[in-house]
Amino acid sequence: MEKLIDLDQHEDDDLRPKKKSALIIDLEGFEGPLDILLELARDQKVDLIHLSIFHLADQYLNWVAEARRKNLELAADYLVMAAWLAYLKSRLLIPTQSTEEEPSAEEMAAALAFQLQRLEAMRTAGEQLMERSILGKNVFKRGEPESFGKMDDVSYDVTLYDLMKAYGDQMNKHVDQTLHIEATDLYSMDMAIERLRSFLGKIPEWTKLQSFLPKDLKNELHTRSAIASTFAAALEMARDGKVKIRQSETFGAIYIQSPDTELIS
Amino acid sequence: MNDESLEHKRLVEAVLFASKEPLGEKKLSNYFQEGVDVKSLLKELQEEYAGKGVNLIRLGNAWAFRTAPDIAEHLSEHRENVKTLSRAAIETLAICAYHQPVTRAEIEEIRGVSLSKGTLDVLFEAGWIKPRGRRRTPGRPMTWGTTVSFLDQFGLEKIDDLPGIEELKSAGLLDARPAINAYSVRGEMELPFVHPEQDQDEDDLPEPLLEE
Amino acid sequence: MNDESLEHKRLVEAVLFASKEPLGEKKLSNYFQEGVDVKSLLKELQEEYAGKGVNLIRLGNAWAFRTAPDIAEHLSEHRENVKTLSRAAIETLAICAYHQPVTRAEIEEIRGVSLSKGTLDVLFEAGWIKPRGRRRTPGRPMTWGTTVSFLDQFGLEKIDDLPGIEELKSAGLLDARPAINAYSVRGEMELPFVHPEQDQDEDDLPEPLLEE
């Protein structure tokens, strides 16, 4: 009996990838690249505020290299992070060539440090929360409640969760039934281009995109698709220089104008 | 009274509060070292609670906290009726919330079964749904929507706060199977929240309620 | 204290003592005529019970009697099976509590990983989180926040009592700052086109489109 057990354990040991103590290559239990970075940051044994991001980038890249050497399949997330860190490292090495579009290497490093601190803070907070006096474990309710009125004559024992669950179940049931795919009743891009083209050169003033929608829209969904198609059509035509588009603020109204008319007026 | 016996009294208090049934003196004395006089602790507590809204009472050999009889009597006048909703009612309510304004026929179509007579009545009586005018289609069927009491019951500020399809899905309450994706991509089932246009259309026509 | 207000206090005491779940101040005031200051009755009661084995605790605007936390070790036999949460669920709960109201995408951004299906579901079902309305940003994503049950579960009077929340706030760690943008692909895919009918609450609403 004992022998058998020994043998089993032995086999198990051989099959399982061996864990390295400090630099854990086993992916199990890790939740994404940020989690790994936080673990690696702990290896530096410094306060996260004094973390060397440069060093951390190295640690991470080594970790990825090691994982690949062991033929561990890394999800795309991990590789994207590796590429980004490699880029950050190179930026940190080369003295500032500030371009306006991109944040500086220092800003990027600071942003990463911030994210790590924030995650660490939430992790600690979660642990502290679990260490509090927990109802049912350290603190108790009345064991034998008595029931009297709550003044409302009737109350219902139903929660928002129950309601959502019922709706979810209902909708799931729907899926089990036959799915009829109806013919599309959306307003197509071709239709939008054709319609917009008919206005070409006839838009002297800045005019709201919405005014170009056809009048016979059937319902909300149809309307929505018309807006999307008309917008896309306008972009398409703007690219060809046939109209001009203006939007004064993010998510503000979109206006269209014929390009040549402005020159005349 | 010394500190120790104060602590003892606190413990008896807590144990009796949390217990699911009246506790005997013997059982209570298990919480203490030998020599602690549980009986006199209980008597002291009983006196302390005598004038309060809750009394410590003796039931045979066991002890329990109970609402003071004069108050219990007063309270039971307000005895509340806690009702459970049927499955059908919960589903119907959810559909009214998500698809409002919605007609009876539409509810039946979504649930795939006909609504029994009482279902909408129950929800109407509970004050959670109300008529929302008539649909401008043949037969001019009545539509239903949710009320302010509905929001109160479920702790919502506005109907718009209900989780949408995508959110139900991501909360794990809705299967994310491809078919349903096809639906929601088309926007058909998505957020049938109150649209101003529909509101105006239908609220224009306040007509008597159920006439069936 | 006069007889009347003593009777009022006894009534509040009885009602709260009888109930398992926290009761809101509004609900409690239903037991009295207008003009009765329930809040001050509750505060008096809270003081009276402060040193006892059972305390009156405040949870947001709700109140409940609970055993005193320092007695916990003696009450181990009352322990219920408290659900153990996964690490992901604990972190998610902490984020919901400290960053509320918070969207799913923000939770994912803070954790640097997408939320698996059941995580929010578990917390929602436990009654610890609830929808907290929609963010007025593109796509109008739903936000989550914590409930009274959450406060009750972890013995907090209010959200401001969360461990370390002041320090985190002043360290700027609760700020809604975007993640490193070069890296977060996720953030970029999340800018859906503004749908006109979702604009309802914005001022420069385009003229109604549907006129039938």
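These numbers were taken from a predicted model, which means no experiment stands behind them.
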Q: Could you grab the distance from atom CG of C:Leu6 to atom NZ of B:Lys52, nearest 0.5 Å is fine?
A: 9.5 Å
Q.
Quick check for you: among C:Leu75, C:Val12, C:Leu120, which has the greatest number of heavy-atom pairs under 4.5 Å with chain B?
A. C:Leu75
Q. Rounded to the nearest 0.5 Å, how far does CG of B:Asp70 lie from CD of C:Glu7?
A. 6.0 Å
Q) Between C:Ala68, C:Gly51, C:Ser116, which shows the greatest number of heavy-atom pairs under 4.5 Å with chain B? A) C:Gly51
Q. Distance from B:Ile71 atom CD1 to C:Arg10 atom CZ, nearest 0.5 Å?
A. 4.0 Å
Q | Distance-minimising heavy-atom pair for C:Phe65 and B:Phe17 | A | O-CZ, 3.3 Å
Q. Could you state the interatomic distance from CG (B:Leu16) to OG1 (C:Thr67), rounded to the nearest 0.5 Å?
A. 12.5 Å
Q: Can you tell which part of C:Glu48 gets under 4.5 Å to a heavy atom of chain B, answering side chain, backbone, both or neither?
A: side chain
Q. If you measure from CZ on B:Phe154 to NZ on C:Lys130, what distance do you get to the nearest 0.5 Å?
A. 13.5 Å
Q | Point-to-point distance, once rounded to the nearest 0.5 Å, from CD of B:Glu13 to CG of C:Asn55 | A | 9.0 Å
Q | Minimal non-hydrogen separation, B:Val54 against C:Ala14, with atom names | A | CG2-CA, 4.0 Å
**Q.** B:Lys43 NZ: over 12 foreign heavy atoms closer than 6.0 Å
**A.** no
